[in-house]
Amino acid sequence: MNSLKSHSSNDPIQQYINSHSLRLTPQQEKLIERTKTMPYGMMLGSTDEAQFFQLLLKSMNAKKCIEVGAFTGYTTMTMAMALPDDAEIICCDITDQYLARDIWQEAGVEKKIQVKLGPAVEILQKMIDQGQSGQYDFAFIDADKTNYLKYYELCLKLLRKGGIIAIDNVIWSGKVCNQEHQDPDTVAIREVNQFVKNDKRVDISMLKLGDGTTLCLKL
């Protein structure tokens, strides 16, 4: 199946969108190329999605963000570039082995990013226990799929009213539409998609952006 992510899609419409929309800095291009050389390079966040987040964050005047799952930190860096100097991204991942901190530094955004290592469920719960509920503007969920619903619930507590959660991979290369796919990741994404659709605590919109992105506005 043709990749749904902008940077690796063969779709001529997507390629047209890329050439008439993406405004990549040298640091973004460098991080894209580095990520592509890695064994799990396909995990690189969709470049059009990341640029959309920049627009969204600026329109919200966001200053406090959460990212669950970073890999090399392309989307992390891209979001940080759109935030003011006194902003902060809490970047949760199980390891920092692949994080391109050197490129973050080149881009001048490293000071905006606070990396927290360990299971994200524990990190987010600790933030709640420390009294940080209702303080964050934006959360991006793009980690292990079987924990998506847990991440969603924890991020929703941490978000302020009017804050937004973005859930990645909600189309999952089309597997969610094919009932022959019953692997744990696909089943988990279907479950969170159905749950969010019926969750009256948020307004939602599922977008055909990247590998599918659902935006959830906390009411």
Side-chain angles (χ1 to χ4, degrees), residues 1-38 40-62 65-83 89 91 98 100 103-104 106-109 137-143 145 148 163-178 181 185-186 189-190 192-193 196-197 202-217:
M1 181 177 292
N2 182 32
S3 173
L4 298 179
K5 293 187 176 182
S6 58
H7 54 80
S8 55
S9 174
N10 296 320
D11 178 13
I13 294 176
Q14 183 62 60
Q15 292 176 351
Y16 181 88
I17 291 171
N18 293 351
S19 64
H20 289 80
S21 175
L22 294 181
R23 298 176 176 178
L24 301 178
T25 66
Q27 290 77 28
Q28 285 175 299
E29 292 176 344
K30 183 175 181 179
L31 186 42
I32 289 168
E33 292 308 311
R34 179 185 294 183
T35 305
K36 285 181 178 179
T37 66
M38 294 182 173
Y40 300 101
M42 77 291 293
M43 289 170 55
L44 172 66
S46 193
T47 49
D48 57 348
E49 178 188 54
Q51 183 166 294
F52 175 75
F53 290 164
Q54 287 185 315
L55 194 70
L56 189 62
L57 293 172
K58 287 181 179 180
S59 72
M60 298 171 65
N61 294 315
C65 303
I66 299 167
E67 182 182 35
V68 183
F71 190 33
T72 59
Y74 174 82
T75 302
T76 324
M77 182 179 75
T78 300
M79 292 193 297
M81 290 164 54
L83 297 173
I89 299 177
C91 174
Y98 304 107
I103 304 180
W104 290 355
E106 286 180 27
V109 300
D137 303 300
F138 181 82
F140 178 44
I141 300 173
D142 183 22
K145 312 312 171 192
Y148 257 31
I164 291 176
I165 297 176
I167 308 173
D168 199 26
N169 301 119
V170 295
I171 295 175
W172 202 227
S173 298
K175 291 181 182 178
V176 291
C177 307
N178 187 343
H181 293 283
D185 286 344
T186 303
I189 293 172
R190 287 194 191 107
V192 76
N193 287 346
V196 168
K197 178 181 182 294
V202 294
D203 282 342
I204 72 162
S205 183
M206 181 184 287
L207 306 177
K208 193 177 178 183
L209 180 67
D211 191 23
T213 310
T214 296
L215 300 181
C216 309
L217 174 72

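Put simply, CE on Met79 and CE on Met77 are 11.5 Å apart, with the number rounded to the nearest 0.5 Å. One distance of note links NZ of Lys175 with CG of Asp185; it measures 8.0 Å at 0.5 Å rounding. To the nearest 0.5 Å, the span separating CG on Asn18 from CD1 on Ile13 amounts to 12.0 Å. Between the CD atom in Glu67 and the OG1 atom in Thr75 there is a gap of 6.0 Å [rounded to 0.5 Å]. Rounding to the nearest 0.5 angstrom, the gap separating the CG atom in Leu56 from the CD atom in Gln54 is 11.0 Å. With rounding to the nearest 0.5 angstrom, the OG1 atom of Thr47 is 11.5 Å from the CG atom of Leu31.
With sequence neighbours excluded, the residues forming a side-chain hydrogen bond (donor to acceptor under 3.5 Å, both in side chains) with Thr72 are Thr35, listed by chain and number. Residues that satisfy the salt bridge (Lys or Arg N to Asp or Glu O under 4.0 Å) test with Glu106, not counting sequence neighbours, are Lys30. By the salt bridge (Lys or Arg N to Asp or Glu O under 4.0 Å) test, Arg34 is found to be paired with Asp102, residues two or more places apart in sequence or in another chain being considered. Among residues two or more places apart in sequence or in another chain, the side-chain hydrogen bond (donor to acceptor under 3.5 Å, both in side chains) test is passed with Gln51 by Ser21. Checked against ring-ring contact (aromatic ring centres under 6.0 Å, His included), Phe140 has the following partners two or more places apart in sequence or in another chain: Phe53. Qualifying ring-ring contact (aromatic ring centres under 6.0 Å, His included) partners for Phe71, counting only residues two or more places apart in sequence or in other chains: Tyr98.
The pair Asp211-Lys208 does not meet the salt-bridge criterion, since no charged nitrogen lies less than 4.0 angstrom from a carboxylate oxygen.
Proximity of Leu215 to Phe52: side-chain heavy atoms (C-beta onward) are separated by under 4.5 Å at one or more points. Looking at Asn169 and Tyr148, their side chains come closer than 4.5 Å, going by heavy atoms from C-beta outward. Side chains of Trp172 and Lys145 form a contact here, defined as non-hydrogen atoms less than 4.5 Å apart. In this structure, the side chains of Asp48 and Gln14 come closer than 4.5 Å at one or more pairs of heavy atoms.
Of all heavy-atom pairs spanning Tyr74 and Gly45, the tightest one is CD2-O, 4.3 Å. In terms of heavy atoms, His181 sits closest to Thr186 at O-CG2, 3.8 Å. Minimum heavy-atom separation, Ala70 to Cys91: CB-SG, 3.4 Å. Closest approach of Ile89 and Leu83 over heavy atoms only: CG1-CD1, 3.6 Å.
Across Val202, Ile141, Ile164, a single residue satisfies side-chain contact (heavy atoms from CB on, under 4.5 Å) together with Cys216, and that is Val202.
Not a single donor-acceptor pair under 3.5 Å links the side chain of Trp104 to the backbone N or O of Ala80.
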- [ ] Evaluate the criterion side chain to side chain contact (heavy atoms under 4.5 Å, CB included) for residue pair Met81 and Gln28; output intermediate values, then yes/no.
- [x] CA-CA 10 Å; Met81 290 164 54; Gln28 285 175 299; 3.9 Å; yes
